[in-house]
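Position 1 is the first residue of the sequence; numbering continues from there. A quick note: this is a predicted structure, and the numbers were derived from the prediction, not measured.
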Amino acid sequence: MTPPAVSPRTTVLILAAVLALPLAGALLAGRRLAEFTPFPPLLEIPTDHVRFSKPAVGAVAALLVAVALSWLVGRRKLAVTRNDAVAPPSAYPRKFPVWGWAALAWTFAWWTLAWTRWGGFEPFQQYTFFPLWLGFIVSANAAIERRTGSCLMRRAPRRWLALFAASAACWWAFEWLNRFVRNWHYLNVERVGALEYFLHATACFSTVLPAVAAVAEWLSSHERWNHAVRNGPAWTWLARRDTAVALALFGCVSLFATGGRPQWFYPALWVSPLALLLAAPVLRSRPGLVHEMARGDWLRAATWMIAALVCGFFWELWNWHSLAKWIYTVPGVDRWHLFEMPGLGYAGYLPFGVECLLVAEWAVGDRWRSRASS
């Protein structure tokens, strides 16, 4: 059995960095501890941030173009040398399962309830997120079973449930980081008590990883997709020890800076934990996702990145007209909204997808992958 890419000890160290470094940076910068401790968090929407900045937009666009060019040029070279063939079509699809149709009906029913304001449903209006996304997750698993004859939910129910627990813990860590940068804010939950807020938020946060995992497993059931993303750019520098040291230092320094200068370092909320997760297996000489990308195998990384982007579209769509919802205040790029999210903000779902994969790996078994992508 392959040892896990991130050991329990390393996990504790990364979690300690995520929790402690932003707080240390904030206190050193003169910010008060009381800003970060209220629970539930106070609804304090910043008004002093620069909403739009051409340099910020240019920097994000340049980064995206650079990654895209690296992918296109690197993939073209690998396609010539590796010449992988597309596997023959599977014997599937089968019929869509009955329980899948029930899940779809459940999902559309809760979508309707989330976007309408029926008087008799008013006491429950703010609790539509969890049942809506539970329906999405089960529906996606039904689509996977239709294509492959198996899905994680039925193949390994304990591991599937473990994703919910890991997801809740993971998103609470992001909620902690958001207390320093205040990039998103929850509306219409101001009158909820601390215990009710914790239980409801935990249930909602628990759906993130299972949703991304389900879409990733569905994507990986398509051989053409697998062939398209398996031959990616060979970023050999990722597997070098000096790169891992640089990533670890970047992750720690940027987390520290996030607390003290949030308007400049708020993107670290998404990329700093990822930098630490990618550096860990190299520094500890363990095989991991970073080694796959280093040799040009982007099957899992690209699949989870796009899966997170797909889920991100539905997160923002269903949030759009819900009563209990979130809004964004993202400095520099707060323009060209698609639903509540600034257009360039969707780029954050790409690294988030890789983080979801690494957390799922840790939560439900070493080197976790779906049966379809094995």
Return each pair, listed once, that meets side-chain hydrogen bond (donor to acceptor under 3.5 Å, both in side chains) where at least one residue sits in [range]; pairs must be two or more places apart or across chains.
| range | answer |
| --- | --- |
| residues 246-275 | S254-S272 |
| residues 305-332 | H185-T329, E316-W326, E316-Y328, E316-Y349, K325-E340, W326-Y328 |
| residues 205-215 | none |

Who are the side-chain hydrogen bond (donor to acceptor under 3.5 Å, both in side chains) partners of [X], not counting sequence neighbours?
| X | value |
| --- | --- |
| R240 | D242 |
| Q125 | none |
| S139 | none |
| W225 | T303 |

ask   = Other hydrophobic cluster members with L42, side-chain heavy atoms of Ile/Leu/Val/Met/Phe/Trp/Tyr under 4.5 Å, chained?
value = none

query = I45: which other cluster members, linking ILVMFWY side chains closer than 4.5 Å, directly or transitively?
reply =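 Besides I45, the cluster holds L43, L187, I327.
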
request  = Name all residues meeting the ring pair (Phe, Tyr, Trp, His ring centres under 6.0 Å) criterion together with H222; count only those two or more places apart in sequence or in a different chain, and write none if there are none.
outcome  =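 Here the qualifying residues are W218.
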
key: R117/E122 ion pair, N-O < 4.0 Å   = no

inquiry  = I need the full list of salt bridge (charged side-chain N to carboxylate O under 4.0 Å, His left out) pairs touching residues 172-187, with sequence neighbours left out, sorted by first then second residue.
reply    =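 Qualifying pairs: E44-R182.
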
Can you give me every donor-acceptor pair (side chain of residues 15-34, partner residue at least two apart or in another chain, under 3.5 Å) with its distance?
| residue | atom | partner | partner atom | Å |
| --- | --- | --- | --- | --- |
| R31 | NE | E35 | OE1 | 3.4 |
| R31 | NH1 | F180 | O | 3.2 |
| R31 | NH1 | G259 | O | 2.8 |
| R31 | NH2 | E35 | OE1 | 3.2 |
| R31 | NH2 | F180 | O | 3.3 |

